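Quick notes on the structure that follows.
Nothing here was measured: the structure is a model prediction, and the numbers come from that model. Order of the sequence lines sets the chain letters (A, B, ...), proteins ahead of strands, with each chain counted from 1.
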Amino acid sequence: MPELPEVETIRRGLEKYLLGISIADIEVRLIKMFEGKKEDIIDQKIVGVRRFGKGLVIDFENKKSMVAHVKMTGQFIYKGVQSFQNFHPQIGIANELPNKWTHIIFSLGNGDVLYYNDIRQFGWLKVCATDDVHSLTFFKNLGPEPFRDLTVEVFRNILQESKRPIKTLLMDQSKISGVGNIYANEALFKAGVHPASLSSEITNKKVKKLHDSLLEVLIQGLELGGASDVNYLNVDGKTGGFQHHFKVYRRDGKECFYCQSLIKRIVIGGRGTFYCPRCQKEKAAVVKKKK
DNA sequence: CATGGGTCCTGAGTGC
DNA sequence: TGCACTCAGGACCCAT
């Protein structure tokens with residue numbers, strides 16, 4: 001599922017291909033996925049591609065923007081007409097597009113094409129004034145950016161104010177932006193913190209360790225081009241590599257790489273949660289588990 | 001205000 | 001083989 005490292009990888013791909021060019025036409029095949037007036041951005045030069053948490057913002061020269069959230073299964077795939085430089089031999093996706101999951105097709109001013117595919121149709125795209133981006137529901141409720149605003153002190157304050165399980169807190173976009181299920185699980189393992197631990201009762205030492213671990217797994221994910229857990233592909237139609245480095249995520253029933261205990265799966269906040277019962281010790285300050 | 005549950009949707013997985 | 005059924009999951013919306 002695209003989280004900060006995956007969305008940032010997508011952003012870089014979009015920036016690489018779209019900066020300085022324009023969109024000649026937009027074909028919306030699934031009406032509900034596209035809000036706003038597409039005429040507002042057609043034939044306007046793209047001047048920036050930004051990311052806030054898991055949200056993307058494409059800015060146009062006329063002070064309009066197209067914002068997008070790919071949720072779990074959304075993909076932006078670029079297909080160059082002049083060359084097949086982004087054709088992936090294993091996936092071959094650039095050649096197979098559009099397919100039954102292609103919901104939006106951007107015909108670009110240079111003759112190339114950008115596809116938006118989304119199997120589960122949870123993603124969305126909308127056009128608005130650039131000045132209004134941060135008034136949108138998703139963007140106005142975002143917490144600090146891990147690589148920019150999330151100092152240890154800020155992180156500690158966020159944890160101290162909450163009695164929720166730490167796993168739930170890490171994934172709360174209004175508290176910290178960009179972290180989802182994969183990186184929350186992996187960061188907690190790396191820090192040796194049980195995912196059900198009460199946020200406010202985690203020791204200072206562990207808070208520092210968790211902060212470091214979170215940034216480390218996000219950086220590792222970014223360096224590997226993200227995690228292609230289910231459907232994630234970058235703008236070139238290629239998979240990331242972080243899925244080969246999961247220590248706990250989706251490894252329930254398998255041995256911990258460090259202590260050989262069996263990785264467990266529980267549900268916290270309605271989401272699958274994976275941890276090593278030995279490396280991430282149960283503590284007194286653990287929220288009651290569900291199911 | 002904070003929190004928890006239902007909802008959207010479809011492919012994968014399970015049981016017979 | 002195939003059918004019926006259940007489940008996962010990010011953010012939003014609503015109820016408490």
Side-chain angles (χ1 to χ4, degrees), chain A residues 1-8 10 29-35 51-57 67-76 91 93 96 98-104 116-126 128 133-143 145-146 157-187 195-196 198-200 218 221 226-233 239 243 246 248-253 263-274 287-291:
Chain A
M1 282 125 279
E3 304 176 26
L4 191 155
E6 290 76 27
V7 179
E8 175 60 21
I10 293 170
R29 296 185 167 190
L30 189 59
I31 301 296
K32 69 171 182 180
M33 298 202 103
F34 193 94
E35 281 180 38
R51 177 193 60 76
F52 298 94
K54 304 177 197 173
L56 287 164
V57 182
V67 299
H69 196 306
V70 302
K71 296 291 182 80
M72 293 94 66
T73 56
Q75 306 168 332
F76 279 103
I91 301 164
I93 192 152
E96 294 165 7
N99 59 28
K100 61 183 285 196
W101 302 292
T102 303
H103 304 307
I104 321 263
Y116 180 72
N117 312 314
D118 197 335
I119 292 174
R120 296 194 183 162
Q121 305 177 13
F122 280 8
W124 47 258
L125 294 79
K126 55 185 81 175
C128 68
V133 167
H134 292 287
S135 302
L136 298 173
T137 305
F138 176 79
F139 292 91
K140 74 180 176 188
N141 293 322
L142 284 177
E145 277 284 329
N157 287 337
I158 292 169
L159 266 57
Q160 283 176 344
E161 289 171 5
S162 175
K163 293 183 172 63
R164 300 155 80 191
I166 182 61
K167 165 81 168 359
T168 304
L169 198 69
L170 291 177
M171 292 177 61
D172 185 337
Q173 301 303 298
S174 70
K175 297 291 184 285
I176 298 164
S177 61
V179 180
N181 212 10
I182 293 174
Y183 295 94
N185 277 295
E186 293 297 321
L198 284 170
S199 302
S200 58
L218 290 173
S228 294
D229 177 45
V230 185
N231 292 286
Y232 167 73
L233 293 176
T239 58
Q243 68 277 12
F246 291 163
V248 289
Y249 186 71
R250 293 216 174 168
R251 292 198 68 246
D252 47 318
I263 302 299
K264 290 183 71 175
R265 179 187 191 277
I266 57 176
V267 175
I268 295 177
R271 294 291 171 254
T273 302
F274 307 86
V287 180
K288 74 178 171 75
K289 285 182 287 188
K290 288 183 63 177
K291 198 173 184 178

For [X] and [N], what is the distance between atoms [atom1] and [atom2] respectively, to the nearest whole Å?
{"X": "I158(A)", "N": "dA2(B)", "atom1": "CD1", "atom2": "P", "answer": "13 Å"}
{"X": "R164(A)", "N": "dG5(B)", "atom1": "CZ", "atom2": "P", "answer": "12 Å"}
{"X": "N231(A)", "N": "dT10(B)", "atom1": "CG", "atom2": "P", "answer": "13 Å"}
{"X": "I119(A)", "N": "dA8(C)", "atom1": "CD1", "atom2": "P", "answer": "18 Å"}
{"X": "M33(A)", "N": "dC9(B)", "atom1": "CE", "atom2": "P", "answer": "10 Å"}
{"X": "N117(A)", "N": "dT10(B)", "atom1": "CG", "atom2": "P", "answer": "15 Å"}

field: Non-neighbouring partners of A187(A) that pass side chain to side chain contact (heavy atoms under 4.5 Å, CB included), sequence neighbours left out
entry: L210(A), L214(A), V217(A)

message: Could you work out, with side chain to side chain contact (heavy atoms under 4.5 Å, CB included) as the rule, every residue matching N157(A), not counting sequence neighbours?
response: Q160(A)

- request: Just call it for K32(A): base, sugar-phosphate, or nothing, with non-hydrogen atoms closer than 4.0 Å on any strand.
  value: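 Contact class for K32(A): sugar-phosphate only.
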
Tell me, please, which residues at least two apart from [X] pass side chain to side chain donor-acceptor pair (under 3.5 Å).
{"X": "R29(A)", "answer": "E27(A)"}
{"X": "R251(A)", "answer": "none"}
{"X": "Y232(A)", "answer": "none"}
{"X": "N231(A)", "answer": "none"}

For nucleotides 9-13 of chain C, give me every protein contact, N/O to N/O, under 3.5 Å, one pair per line with atom names.
residue, atom, partner, partner atom, Å
dG9(C), OP2, G272(A), N, 3.0
dG9(C), N2, R120(A), NE, 3.4
dG9(C), N2, R120(A), NH1, 3.0
dG10(C), OP2, R271(A), NE, 3.4
dG10(C), N7, R271(A), NH2, 2.6
dA11(C), OP1, H69(A), NE2, 2.7
dA11(C), OP2, K54(A), NZ, 3.2
dA11(C), OP2, Q173(A), NE2, 3.4
dA11(C), N6, R271(A), NH2, 3.4
dC12(C), OP1, F138(A), N, 3.3

message: Checking E161(A) now: which residues fulfil salt bridge (charged side-chain N to carboxylate O under 4.0 Å, His left out) with it, not counting sequence neighbours?
response: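 Result, salt bridge (charged side-chain N to carboxylate O under 4.0 Å, His left out) vs E161(A): none returned.
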
- prompt: What residues form a salt bridge (charged side-chain N to carboxylate O under 4.0 Å, His left out) with R250(A), not counting sequence neighbours?
  reply: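 For R250(A) the salt bridge (charged side-chain N to carboxylate O under 4.0 Å, His left out) partners, ignoring immediate neighbours, are D229(A).
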
Helical bend (five base pairs per end, nearest 10°) for the helix from dA2(B)-dT16(C) to dC16(B)-dG2(C): 50°

message: Quick one, F76(A) and L125(A) - any side-chain contact, counting heavy atoms below 4.5 Å?
response: yes

query: Any donor and acceptor pair, going by atom type alone, linking the side chain of E6(A) with main-chain N or O of A227(A) inside 3.5 Å?
result: yes

message: I'd like to know if the side chain of Q173(A) reaches the main chain of M171(A), judged simply by a donor and an acceptor atom lying under 3.5 Å from each other, with no hydrogens or angles considered.
response: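 Here the side-chain-to-backbone pair exists.
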
task: List the steps and the verdict of side chain to side chain contact (heavy atoms under 4.5 Å, CB included) for Y249(A) and N181(A).
output: CA-CA 8 Å; Y249(A) 186 71; N181(A) 212 10; 4.0 Å; yes

Polar atoms only, N or O, under 3.5 Å: list the protein pairs with nucleotides 4-6 of chain C and their distances.
none

task: In sequence, state the C-alpha distance, the side-chain angles, and the governing distance for K140(A) and S135(A), and then conclude on side chain to side chain contact (heavy atoms under 4.5 Å, CB included).
output: CA-CA 5 Å; K140(A) 74 180 176 188; S135(A) 302; 5.7 Å; no

- prompt: Quick one: is dT10(B) close enough that its OP1 or OP2 comes under 4.0 Å of any side-chain N or O from Q121(A)?
  reply: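 Checking Q121(A) against dT10(B): at least one side-chain N or O falls below 4.0 Å of OP1 or OP2.
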
Heteroatom pairs (N/O) under 3.5 angstrom, protein to nucleotides 14-16 of chain C:
none

